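Scroll down for the structure; my scribbles are underneath it.
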Amino acid sequence: MASTDIATGTFERHGLSDEQLREIFRNMLLQRQLDNRGFQLNRQGKVPFALGSEGHEALQAGAAMAFNRGKDILAPYYRDLGLCLGIGLSPYEIMLSIFARAADHNGGRQFPNHYSSKNAGLMSFSSILAAHLPHAVGAAYAIKYRGEEGRAVLATCGDGTTSEGEWHESMNFAAVHKLPFVMLVENNEWAISTPLDKQMAQPEIWKRGAGYGMPGRRFNGFDPLETYAAVKEAMDRARRGGGPALVEGTCYRYLAHSTDDNDMTYRTREEVLEQRRKDPVPAFEALLLEHAIMTAQDVAAMRKDVLRETNEATDAAEALPYPDSTELYTHVYEGAWQPWQS
Amino acid sequence: MATTITMPQLGETVTEGTVAQWLKSIGDSVEKYEDFVEVSTDKVNAGVPSPVTGTIRELLVKEGETVATGTPIAIIEEVGAASAAEAAAPAARTETAAASAPASATAPSPNGAAAATAASPAVRRLAREHHVDVRTVKGSGSNGRVTADDVLAAARTSVAAPPATAPPPIPPPGRTSTYAQPARGTLIALTQARRIIAERMVESRHTAPHAWSMVQIDVTDVWNWRVREKDRFERETGHKLTLLPFFIRAVVESLDAFPLMNAKFVPAAGSSPAAIYVNEAVNIGIAIGLPTNLVVPVIKNADQLSVRGIAIAAGGLIEKARKGKLGVDELAGGTFTVNNNGANGSWASAPIINGGQAGIVTMEAVIKKLVVRDDDSIAIRRMMNSCLSLDHRVVDGYVASGFLAELKRRLEAMGPQGEL
Amino acid sequence: MAVVSSNSTVMNNVEAVRATLYEAMKNDDRTLVLGEDVGARGNVFLITKDFITEFGPERVIDTPIAEASIVGIAVGMAMEGLRPIAEIQFADFIYPSFNQIVGEAAKIRYRSNGEYTCPLVIRTPYGGGVRGALSHSVSVEALFYHVPGLKIVAPSFPADVKGLLNAAIDDPDPVLFLEHKKTYRLIKGEVPNGHYTIPLGKANVLKDGKQLSVVSYGLYVHWALEAALGLEQEGMSVEVIDLRSIRPMDKTTILRSVEKTRKLLIIHEDNKFGGIGAEISAMVAEEALFHLDAPIRRLCGPDVPAMGYALPLEEEFMSSPAEMAEAMREMVKF
């Protein structure tokens, strides 16, 4: 966590303004609030499924700050609520996906958390881990092919996904062709119930970069500013044609994998509580207060506003209808959906 | 197993024989010692008994054909032998042999055994549509299967043929001649066509209670119209213009006014009660007498044709009939029949209804007559009788006479001007 | 290639693929080709020979040996606005990319409610009869034609190759373009000059007939046609239909034919169980049962994993024109 330098009483803000720091914090609050709202709705019986991202707030808010809206492309995975918010998705769009409304980007077809937005440069993805990474590489190829400078693809995944063959194939191809592709691994130490030491023999994922011939770097994913710096460095390099990079942010998954998971079957409460002491949200709040970037009232007001925004989004989305059943037959192809044609 | 029967020697010096008549069809069963064919030589006519009990598999010689003694004429499949052969075959394989025939062209179809007796969906549908009893149709497919084409061929008229009855009695021995050239004191073997005509006429007469009515029609004006148009018509179309198309046009218009004349009686079947079905289409059969045969080709949807259209259609069908080139589709589907009977001067006739229709109407001879008109003046007019046999299950005199009156009115209103 | 008239050129199937790809590359900068050995080597059948010289390595990409990402990267390119043509060197190698084809490409449009699309062509040589054994002979269409969101074509004649490949390249959805490798050099035909497309989902009646409808595709279309022409000498009238397009599949042509002939024989090289013939049979039974005067029959590859390298094994797997003729004969006589 970015900490105050004892000698100078300052902290490394990596060129970010106060406004940007507050923006980062708000993103973290919003992520946690919306995250929680999903579980509340599930416990109310209103939505059948919720998947949380607590523990990733700093990593995702920091990475989002390094993303150039309108230029870069994001290829996230399903735990990237904060990152998607940070690149421009609204709480309303998030709630549309949770309620599976017709107005949702995906027309209510996908699980929640499978965000997609062509406007925001957010590539559609499935639940199949690593399947999105060749897509991200292909998009990066397209950008480079068209000579579009200043654009890069930020792809994310968890530690478990790095075991998939397509993770390897994507990294390899991106490196061979020096593509504007940044692989951000959000290492939260758990892949559902599989801990890191069952997932890989080399626990430091960033080291694989050298194996592919690209730079690799690790940073503290609980520190939004360190995150910002690492991701920005990689993205800037990629944008100016410097090729791909692997950046690994360490954090922790505080909740179970999803509402269909009971994490007490494979880890201890003590371990989770121990990690909670490093919770990035109160930690960053403390930093902002300490350096008078926000006051306690500011924080309270911001929390209240975040709650208001969440409530409005929830109510607005809930009031909308499901897609009509006839929608099942649309968008199979551009034309007719029937396999037998006259 | 299959037993081949050859032409027997019906006399010491006889070297050949003629198959006079098959007493069985393919697929029929036959008992040992039961006669299955009648063979004739210049000396004698004799029935030939089957040496085995089984099913007729193939008939190798046509009726009327003469072959040398010893020539194979039929193949009979012995009953019980086939299944025994099949049972023996699997026992000969080893247990570890791979699954039976590879999925290639030579694998027998599991449908094969049932195919000989089961009717395919196409056959069933066509039989239903054309009111053909499949059991009476001779099958030309493999294993004697009745094919869809067989059904269409049998559907020359739309009445279901009666189920096969006991074989006809063996006529006494004697000389034979043909229908085309009948000779006194001879026996004429029935061709398929003649057999069917006989069966259908009996069926029609015995099923439909025939009633009869007649009107006299003044055809002077329409005759004159025909005379005006006939040369040009023949030049333009190559067909002759007779009174028939005008008559048919009047008939279809009258059927429109009296739809029950274009209906048919549907007997009760299974759980369905008896009913009258009013045909949707108006398909007019024209009875054409040929030297040895009677055919009734059909003008489909005649109500949608003008006189000219009917004349062309009729001309085409008549020409084909004379050449023996009518297709099965041209003979099927009739809903009402017209018989032009007047060529040889007939003044009245009582035709037998074409099975499954409600009536049949004739045109008798056109005769110049002296008539007294309504205003008591006397005129020479061309008069033609028209006779109607009707199925009294479907229509009563009310409809029948109404129909005839309408026909008369319309025909008398035609010509001598107008568009054909 | 022999020029026959000023309007068409005689070429074989491999030349037709090459010529069509070349024109596509020339006419649209968004088009690129990627696969193993497509660049410097020009593809193992020389389909893209010298393309790399003319179009450059950015457009003719020699990929690493990684089938899943060959397709996956092409999916990403397509989502981002390019028109990639991915090649799987032999259909037998397509299995590692199964998820990218079936789970991803086929569903991009559907899962994003139309916001993202995947205009992708995946070309691959398939089929046997070339002593290709376990890994160079397989037919894969049955694995994929089941999948909504995918399109699949399998042309047999050079003119169809060009028209359908052009249509596939223009198609806004993912198309699996199957090229029977034995027909590459074996089948020659006239190919109209200039750009044209043949719509997907349209079969072609190669030969009219009255007594039996034969439906086939791939190499076997040629054998079936040969068999049917031979049966003319025996007075049998057999209609031969080239499916050309497997998904979507042409219902009208098949039904019209069956209604006329009342008998249906489906011939395909792929294994019988669950092959294309099964779907055709079901459709015809559902929609034309009362026109059938004989059970529908399928003459197909046996249900074994592969045709072996040893000649008797390959020959046993493959059907010959004589075998096809015998099946046709039996059905006509039924």
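Model, not experiment: these values are computed from the prediction. Lettering follows sequence order; numbering is per chain, from 1.
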Spacing of B:N143 atom CG and C:K333 atom NZ [to the nearest 0.5 Å]: 12.0 Å
Which atom pair, heavy atoms only, marks the closest approach of B:S120 to C:A294? CB-N, 4.4 Å
Is the shortest heavy-atom distance from the side chain of B:R145 to the side chain of C:D293 under 4.5 Å? yes
Taking CD in C:E234 as the centre, count heavy atoms belonging to other residues, nucleotides or ligands within less than 6.0 Å. Is the count above 12? yes
B:R195 atom CZ, neighbour heavy-atom count above 12 within 6.0 Å: yes
Give a yes or no on whether C:K260 atom NZ has more than 12 heavy-atom contacts from other residues, nucleotides or ligands under 6.0 Å away. yes
Quick check on C:K207: does its NZ atom have over 12 non-hydrogen neighbours (other residues, nucleotides or ligands) under 6.0 Å away? yes
Determine, stepwise, if the pair C:R262 / B:T147 fulfils side-chain contact (heavy atoms from CB on, under 4.5 Å). CA-CA 10 Å; C:R262 303 200 190 93; B:T147 68; over 6 Å; no
Minimal non-hydrogen separation, B:R125 against C:F290, with atom names: NE-O, 2.6 Å
Is the number of heavy atoms from other residues, nucleotides or ligands within 6.0 Å of CZ (C:R329) greater than 12? yes
